[in-house]
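Following: one structure in structure tokens, then a few remarks.
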Amino acid sequence: MQFFDTHAHIGLIYEDPIEQLRVVQQAKLAGVTRILSINNSLMTFKKVYPVLKAMPGIYHAVGVAPVEVMNPGKDWIATIEASAKLPNVVAIGETGLDYYKQFGDKRSQIELFITQLEIARKFDLPVIIHNRAAGKDVFDILKEKIPPAGAILHCYDEDAKYAKMCLDAGLDVYFSFAGNLTYKNAKNLHETVLNIPRDRILLETESPFMIPAQIKEKKRSMPAYVTYTAKFLAEMLQLPLEDLASQVWKNSCKVFRLPE
């Protein structure tokens with residue numbers, strides 16, 4: 001039985017490269033044999049990628065998150081496009097819209113988002129979507145701009161109605177659930193996982209955030225902790241953990257075009 005953490009900010013867990021490598025080793029001991037390393041900024045990508053690029057089972061996404069909208073980096077489009085060609089880079093992102101904290105203005109966020117969707121299309125890569133309090137605009141933009149390789153709605157926080165709207169519109173989207181799925185008050189997420197196709201479900205830690213409820217005393221989330229969310233989801237779906245793990249593994253490999 002093996003697990004795939006499809007969204008971990010390893011560079012935010014620890015800045016020290018040795019500690020980052022330890023995080024990966026600890027995950028593997030827990031059965032998390034694949035991790036997708038995510039960075040909000042290109043500066044962080046440039047720091048983390050060289051440390052982890054040779055680690056078996058570690059893959060990477062490159063992009064600019066909404067938080068960086070006012071300072072995406074020098075020649076950021078060219079940097080993303082060059083980085084998209086690097087070994088084990090399998091997705092663009094995270095990118096998207098965040099109206100909750102209102103980074104910059106909406107127009108600038110939308111322009112940043114659409115440009116990265118176009119890059120994902122150009123390089124035939126899936127895109128990892130950040131959506132916070134921006135569901136309508138994210139949906140409307142994806143209807144027009146979703147790349148052929150599809151999209152991952154990461155740390156999904158909408159409801160079952162929104163998920164159905166995306167699927168009914170024919171969007172090639174996956175729904176990725178983090179540790180907040182295990183929270184008692186996450187009724188919108190519980191309803192969603194019970195009503196979407198199982199072949200559209202991914203799991204992530206959103207490390208170092210979203211610590212699963214079972215281990216809420218921990219200071220930061222780690223890729224190894226994706227197993228707690230998997231166990232919770234298996235119980236909710238009334239599936240043996242092995243079956244749930246196998247399904248989510250297949251889903252993860254499919255969207256990132258990796259061998260099973």
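Along the sequence shown, residues carry numbers from 1. Just the heavy atoms: all of them, side chains too, but no hydrogens, waters or symmetry mates, feed the values below.
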Which is it for Phe113 and Gln109 under the side-chain contact (heavy atoms from CB on, under 4.5 Å) test, yes or no, and what are the steps along the way?
CA-CA 6 Å; Phe113 181 28; Gln109 284 200 35; over 6 Å; no
Under the side-chain contact (heavy atoms from CB on, under 4.5 Å) rule, what do Thr182 and Gln214 come out as? Steps first, then yes or no, please.
CA-CA 8 Å; Thr182 68; Gln214 304 96 313; 3.7 Å; yes
To check you understand the geometry: which heavy-atom pair defines the closest contact between Pro223 and Ile35, and what is its length?
CB-CD1, 3.7 Å
Looking at every non-hydrogen atom in both residues, tell me the closest pair between Phe175 and Ala163 and how far apart they are.
CE2-CB, 3.6 Å
In this structure, would Phe232 and Met210 fall into the same cluster of hydrophobic residues linked by side-chain contacts under 4.5 Å?
no
Which side-chain N or O atoms in residues 60-75 pair as donor and acceptor under 3.5 Å with protein atoms at least two apart or in another chain?
none

Name every donor-acceptor pair, under 3.5 Å, that has one atom in a side chain of residues 132-140 and the other anywhere in the protein, sequence neighbours excluded.
unit_1 : atom_1 : unit_2 : atom_2 : d
Lys136 : NZ     : Asp140 : OD2    : 2.7
Asp137 : OD2    : Tyr99  : OH     : 2.6

When rounded to the nearest 0.5 Å, the distance separating CD of Glu81 from CD of Glu118 is 10.5 Å
Tell me whether the count of non-hydrogen atoms from other residues, nucleotides or ligands lying under 6.0 Å of CE in Met165 goes above 12.
yes
Taking a hydrophobic cluster as the set of Ile, Leu, Val, Met, Phe, Trp and Tyr residues connected by side-chain heavy atoms closer than 4.5 Å, whether directly or through intermediates, do Leu171 and Leu97 fall within one such cluster?
yes
Under a 3.5 Å distance rule, please check whether Thr192 uses its side chain to pair with a backbone N or O of Asn188 as donor and acceptor.
yes
Phe177 ring center near His7 ring center (under 6.0 Å)
no
How far does NE2 of His190 sit from CG of Asp159, to the nearest 0.5 angstrom?
13.5 Å
Identify every side-chain donor-acceptor pair in residues 141-148 under 3.5 Å, counting partners at least two apart or on other chains, and give the distances.
none

Pairs in or reaching into residues 167-192: which pass salt bridge (charged side-chain N to carboxylate O under 4.0 Å, His left out), with residues at least two apart or in two chains?
Lys164-Asp168, Asp172-Arg200
Gap separating the CG atom of Leu21 from the CD atom of Gln26, nearest 0.5 angstrom:
11.0 Å
Can any side-chain N or O of Ser221 pair as donor or acceptor with the backbone N or O of Ser207 at less than 3.5 Å?
no
Has Glu111 got more than 12 heavy atoms of other residues, nucleotides or ligands less than 6.0 Å from its CD?
yes
Which residues pass the salt bridge (Lys or Arg N to Asp or Glu O under 4.0 Å) test with Arg22, not counting sequence neighbours?
Glu19
Check for me, please, whether Ile10 and Leu12 land in the same ILVMFWY cluster - side-chain distances under 4.5 Å, paths through other members count.
no
Is it true that Ile215 and Val32 fall in one hydrophobic cluster, defined by side-chain heavy atoms closer than 4.5 Å?
no
Distance check, rounded to the nearest 0.5 Å: Ile201 atom CD1 versus Leu203 atom CG?
8.0 Å
Pair Glu260 + Lys250: basic N to acidic O under 4.0 Å
no
Applying side chain to side chain donor-acceptor pair (under 3.5 Å), which residue pairs with at least one partner in residues 29-48 are found, sequence neighbours left out?
Gln2-Thr33, Ser41-Thr44
Are Leu237 and Arg198 close enough that some pair of their side-chain heavy atoms sits under 4.5 Å apart?
yes
Those residues at least two apart in sequence (or on a different chain) that pass salt bridge (Lys or Arg N to Asp or Glu O under 4.0 Å) with Arg257 are Asp124
Lys28 side chain near Pro56 side chain, heavy-atom distance below 4.5 Å
yes
Taking all atoms of both residues into account, what is the closest heavy-atom pair of Ser176 and Thr6, and its distance?
OG-OG1, 3.4 Å
Is there any side chain to side chain donor-acceptor pair (under 3.5 Å) pair reaching into residues 224-247, and which pairs are they, with sequence neighbours excluded?
Gln247-Asn251
Test question: given the 4.5 Å side-chain rule for I, L, V, M, F, W and Y, name all other residues clustered with Ile18, or answer none.
none
Measure across Tyr156 and Leu189 and return the closest heavy-atom pair with its distance rounded to 0.1 Å.
O-CD2, 3.0 Å
Where the side chain of Thr115 meets the backbone of Leu112, is there a donor-acceptor pair that is under 3.5 Å apart?
no
Would you call His130 and Thr95 a side-chain contact if the rule is heavy atoms closer than 4.5 Å?
no
How many angstroms lie between SG in Cys155 and CD in Glu206, if you round to the nearest 0.5 Å?
5.0 Å
Atom CZ in Phe3, atom OG in Ser252: separation rounded to 0.5 Å?
11.0 Å
Which atoms form the tightest heavy-atom contact between Thr205 and Val226, and what is the distance?
CG2-N, 3.5 Å
Residues passing the side-chain hydrogen bond (donor to acceptor under 3.5 Å, both in side chains) test with Glu158, sequence neighbours excluded, are Asn131
Counting distance only, does the side-chain N/O of Glu204 pair as donor-acceptor with the main-chain N or O of His154 below 3.5 Å?
no
Is there a path of hydrophobic side-chain contacts, each under 4.5 Å between heavy atoms of I/L/V/M/F/W/Y residues, joining Leu239 to Val248?
yes
Which residue pairs pass the ring-ring contact (aromatic ring centres under 6.0 Å, His included) test when at least one of the two sits in residues 11-37, sequence neighbours left out?
none
Step by step, would you call Gln116 with Val127 a side-chain contact (heavy atoms from CB on, under 4.5 Å)?
CA-CA 8 Å; Gln116 291 178 88; Val127 63; 5.5 Å; no
Transitive ILVMFWY cluster of Leu36, excluding itself - 4.5 Å side-chain cut-off:
Phe4, Ile38, Tyr59, Val90, Ile128, Ile152, Tyr174, Leu202, Trp249, Val255, Phe256, Leu258
Looking at Met222 and Val23, what are the two nearest heavy atoms and their distance?
SD-CG2, 4.0 Å
